[in-house]
Amino acid sequence: MAISSIFKNYIKTKDYAGGITREEIKCSANIKQVWKLSSNENILGPSPLAQKAINNSLENVHEYDFRDDNLLKETICSVYKNLTPKNIVTANGGVEVLELITRAFLSPGLECIISHPTFVAYESMIEKEGCKVVNIPLKSKDYTIDIDVILKSITKKTRLIFITNPNNPTGTYTSKKNIDLLINKLPDNVMVVYDEVYFHFADAADFPRAFDYIKENKNVIGINSFSKAYGLAGIRLGYSISTPKIISYLENIKRPFMINTLSMVAGINALKDKNHLVKTIDLIRIEKQWLYKEFKKLDVKYWPSQTNFIFIEPKIELNIFVNKILAQGIMIRPCDKFGAPNGARITIGNRAANIALTQAIANVYKHI
C-alpha cells in the first residue's frame, strides 16, 4: 500500500505565501536602494521599548521563562479597558490564531464564507480542514461586504464567516450599521471571524470593533496582531478576543509554551510604548493624504483607505506594472491571488519612500 493512500485527500500542497524580502530583491535585481511597500509593515520599525526588552532577554533564552501568557493578557487589558484575560487567547501571529479557530470549529463537509478580494490564508486553512469555501465577492464599486447575499448563502453546513474589516487588500471598510445587520441575523450555528488587524489606522466614525459584538455575547471572534501598527511582524505575535465561553474552548486546543520569551517581552513593551504607536498612526494619516493628492495628479485610480496601505488599479497590465515599479527599487504587492486581478496594494511609507513611489509611477505612466 502506497503511503499516499492514508493521506487526507483534502489537504493540498498549496498554501499562503508571504511576499518576498528586500534582500531577495537586492540580490536578484542588483538594486542598492529598495523600498519595501509590499507587506504593510511599519516603516518606523518596532518600538524602542520592545527592542530593549528583547535585548535584555537574550541571555536567558536557554531557560523556560513564562509559564503562561497571563502577563501579556493583562497588559492587553490595561490598554483596552473593556477586555479581561478571559476574553483573550494569544498565538504566534494572527495567522496562528486563524488556524486555532479553523481547527476548533471545522470538520470535513462543512462550509465557510469568505469575500474576495480578501486575505489569501483563509481559503487554504478552510480547505485543510476538508471544508468547502463559499466565495461571496465584495461589492465591486466600493469593496464592501454584500450582506444580503451572504445571508442568503448560509446553510445548515455553514460554520464560519470571515470578515476582514478594514479589508485586506482593498483598505475599504464596512460600516457598523451593515455589520450589525449581518451579525444580528445570523443563526446560532454560525461564527463570525472578524479580522481587525488594521483597526489602529481606521478613523471612520462608524467603524465597528469586534468588542462591540462580544460584549453583547454574539458569536464573534476578533483577530488582532502585533505585525502592523506595533511593527513586530518578524516576532510573530497575535491574539483573538471573544466571549469567555468561546475563548475557554479555544484555550483547550492551544499547545503549552505557545509564545516564546522574546515575543512575549516584545509584545508587552510594545503595548506600553504609546508614543511609538501615536507616531506610527500620525505618519500614516499624514502620508496617506499626501499620496492621495499625488495619485490624483498622476491619474492613479485608488480607493480611500482605512489602513496603512492603499489599493490601486494601474492603467496597464498588473504584472507589467508591478515589475516596472520593482525595476525602480519599489516593492508593491500584486493582488491577483487575493481575488483582485487588476489591483495592487501599496504600503504607505515615509515621505522619502512615497516620493520614490510616485516618481516610479510617473515614469511608467509617461511611457504608456
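Using a 4.0 Å cut-off between charged nitrogen and carboxylate oxygen, Arg159 and Glu111 do not count as a salt-bridge pair. Electrostatic pairing of Arg209 and Glu196 counts as a salt bridge here, judged by a charged N lying under 4.0 Å from a carboxylate O. In this structure, Glu123 does not pair ionically with Lys132, as no charged nitrogen and carboxylate oxygen lie closer than 4.0 Å. Ion pairing between Lys177 and Asp180 fails under the 4.0 Å rule for side-chain N and carboxylate O. Between Lys315 and Asp299, at least one side-chain N (NZ, or NE/NH1/NH2) sits under 4.0 Å from a carboxylate O, which counts as a salt bridge.
Under 3.5 Å, the side chains of Arg236 and Ser227 contain a donor-acceptor pair of N or O atoms. A donor-acceptor contact closer than 3.5 angstrom links the side chains of Asn165 and Tyr194. Side chain to side chain, Lys254 and Thr90 meet the donor-acceptor criterion of an N or O pair below 3.5 Å.
For Phe119 and Tyr122, the ring centers sit closer than 6.0 Å to each other.
Every residue meeting the side chain to side chain contact (heavy atoms under 4.5 Å, CB included) condition with Asn135, not counting sequence neighbours, appears here in chain and number order: Ile114, His116, Pro137.
The number of heavy atoms from other shown groups lying within 6.0 Å of CZ (Arg255) is above 12. Taking a 6.0 Å sphere around NZ of Lys176, one finds it holds more than 12 heavy atoms contributed by other residues, nucleotides or ligands. Other residues, nucleotides and ligands place no more than 12 heavy atoms under 6.0 Å from the NZ atom of Lys324.
The shortest side-chain heavy-atom distance between Phe311 and Thr172 does not fall under the 4.5 Å cut-off.
Residues in residues 266-276 take part in these side-chain hydrogen bond (donor to acceptor under 3.5 Å, both in side chains) pairs, two or more places apart or across chains: Ser47-Asp273.
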For Phe309 and Tyr198, what are the C-alpha separation, side-chain angles and deciding distance, and is it a ring pair (Phe, Tyr, Trp, His ring centres under 6.0 Å)? CA-CA 10 Å; Phe309 59 86; Tyr198 294 99; 5.1 Å; yes
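Between the Asn42 side chain and the Thr280 main chain, no donor and acceptor come within less than 3.5 Å of each other.
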